[in-house]
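Input: a single structure, listed below in structure tokens.
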Amino acid sequence: MRRFVALLLLVPLAACGGGDAGGGERPAPLVRAAPVAPQRFVDRIEAVGTALANEQVTLSAPVTERIVSLNFDDGGFVRRGQVIATLARGQQSAALEDAQAREREANQQLERIQALKARGFATGSSVDSQMALAGSARAQAAQARASISDRIVRAPFDGWVSLRTISQGAVVSAGTAIATVSDVSRIKLDFAVPETLLSAVAPGQPIVATSAAFPDTPFHGTIANIDPVINPQTRAVTVRALLPNPDRKLLPGMLMTVVVEAAGRSALAVPELAVVGEGQNSFVYVVEKDVANRVPVSTGARQNGAVEITRGLRAGQTVVTEGVVKLTNGQKVKLAGTHNAAPSGPKAPATKG
């Protein structure tokens with residue numbers, strides 16, 4: 001009877017001891033990992049700019065006069081020196097003929113006096129007086145020619161002319177716009193850069209611009225100039241880039257998005273999923289001999305799904321990229337593959353790394 005009671009007491013103790021022996025350690029979680037490798041990073045500055053013509057001028061009437069002729073088509077191409085408009089010049093032409101007649105008479109009189117002086121029948125003062133009269137006549141003729149020239153409006157350079165807003169026969173006053181000529185063979189693109197990023201831009205840097213009119217077409221150019229004065233209200237500096245425009249897709253006044261690529265550099269990088277933030281600190285899990293160790297790191301730029309590592313890692317180390325949320329420091333893990341491996345499902349076999 002005593003032996004039977006003793007056996008009954010030993011049964012629960014054996015059951016408890018069997019549970020400890022059968023439980024074992026917690027299974028290692030399945031994670032993905034990727035190597036720490038150098039990658040090229042480029043600092044990008046994004047801004048919004050306005051397209052400007054390479055050269056642009058609005059031709060205006062220099063005097064109040066009637067338009068005799070307009071010699072351009074709406075939106076047409078004009079050459080340098082081509083006549084755009086001609087204003088009435090009847091009075092000026094008459095004044096030129098009168099001045100030219102006076103000039104001829106003065107020159108003829110000067111020749112006669114000089115001949116008389118050569119024979120001793122005229123004094124030097126009379127010659128000088130007549131020379132002054134001849135010079136005055138030439139000046140009046142030149143003034144009449146200039147007055148006529150002012151009434152002929154010419155294109156100052158090759159370009160495309162604007163749509164007409166006036167008609168032949170209209171009387172225009174001085175300063176009235178006749179046409180705008182724009183050279184759009186290349187485009188000036190002005191955009192603002194904060195003064196904090198001023199050291200990251202310099203003449204000669206490449207830029208890429210896009211327009212809402214052509215969202216799938218990148219326009220490449222280079223920075224030409226940087227305004228030497230910073231706007232005290234915006235604390236930004238105006239940067240001007242030049243964009244070739246042979247097919248005239250870009251037009252003055254367009255709003256464009258600009259991306260400036262600063263000097264590139266090579267730095268260690270890990271996938272974004274590998275970096276875990278904790279307040280102001282960041283860390284990754286480095287796998288060594290199937291053990292994930294938590295390592296603090298300093299990060300830099302983010303680009304194309306990768307994070308620049310400025311301190312804390314070395315090339316060749318392996319970091320956990322998927323499954324970091326279920327890890328603790330010093331925990332054993334099973335590697336499902338590298339970042340190039342196909343995603344593993346619940347039944348995918350784990351491989352030791």
Side-chain angles (χ1 to χ4, degrees), residues 15-47 193-201 205 208 257 259-353:
C16 294
D20 291 339
E25 295 181 356
R26 182 181 177 184
L30 189 66
V31 299
R32 285 186 177 276
V36 180
Q39 179 174 316
R40 179 176 173 79
F41 285 89
V42 178
D43 292 329
R44 293 162 60 92
I45 301 173
E46 296 187 358
V193 173
E195 64 174 323
T196 54
L197 300 176
L198 184 57
S199 60
V201 295
Q205 276 183 276
V208 179
T257 301
V259 175
V260 181
E261 294 187 353
R265 64 189 180 281
S266 180
L268 295 179
V270 298
E272 286 183 323
L273 293 175
V275 181
V276 180
E278 192 174 85
Q280 299 295 326
N281 302 319
S282 299
F283 61 88
V284 299
Y285 283 98
V286 177
V287 179
E288 295 181 358
K289 297 181 180 179
D290 297 338
V291 176
N293 297 310
R294 177 169 158 165
V295 176
V297 295
S298 297
T299 60
R302 294 175 181 261
Q303 180 178 301
N304 299 329
V307 179
E308 179 185 12
I309 302 298
T310 60
R311 184 176 59 84
L313 296 178
R314 64 179 184 275
Q317 289 183 298
T318 302
V319 297
V320 177
T321 59
E322 296 182 24
V324 293
V325 294
K326 52 189 176 183
L327 296 181
T328 59
N329 188 32
Q331 186 176 1
K332 285 190 175 183
V333 295
K334 291 182 180 180
L335 298 181
T338 64
H339 63 297
N340 292 324
S344 59
K347 298 181 181 180
T351 57
K352 281 275 187 176

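Predicted, not measured: the structure shown is a model, and the values here were computed from it.
- Pairing each heavy atom of Gln331 with each of Thr328, the nearest pair is OE1-N, 2.9 Å.
- Atom CZ of Arg311 is separated from atom CG of Leu268 by 13.0 Å, given to the nearest 0.5 angstrom.
- Judged purely by atom type and a 3.5 angstrom limit, Gln303 has no side-chain atom pairing as donor or acceptor with the backbone of Arg44.
- With contacts defined as side-chain heavy-atom distances shorter than 4.5 Å, the pair Val324/Val31 does not qualify.
- The nearest pair of heavy atoms linking Asn293 to Gly330 is OD1-CA, 3.8 Å.
- A distance of 7.0 Å separates CD in Gln39 from CG in Asn304, rounded to the nearest 0.5 Å.
- A pairwise comparison of heavy atoms in Ala306 and Phe41 identifies O-CE2, 4.2 Å as the closest pair.
- Judged as a side-chain hydrogen bond (donor to acceptor under 3.5 Å, both in side chains), the pairs with a partner in residues 271-282 (not counting sequence neighbours) are, in order, Glu278-Arg294.
- When every heavy atom of Val284 is checked against every heavy atom of Ala274, the shortest pair comes out as CG1-O, 3.4 Å.
- Using a 4.5 Å cut-off on side-chain heavy atoms (C-beta onward), Gln317 and Glu288 make contact.
- Residue pairs meeting the ring-ring contact (aromatic ring centres under 6.0 Å, His included) criterion with at least one member in residues 264-291, sequence neighbours excluded: Phe283-Tyr285.
- Residues Thr299 and Thr310 fail the side-chain proximity criterion, which asks for heavy atoms closer than 4.5 Å.
- Nearest heavy-atom pair across Ala28 and Lys332 is CB-O, 3.4 Å.
- Heavy-atom minimum distance, Thr321 versus Ala33: OG1-N, 3.8 Å.
- With values rounded to the nearest 0.5 angstrom, Arg302 atom CZ is found 11.0 Å from Glu308 atom CD.
- Looking only at side-chain heavy atoms (C-beta outward), Thr318 and Val36 stay at 4.5 Å or farther from each other.
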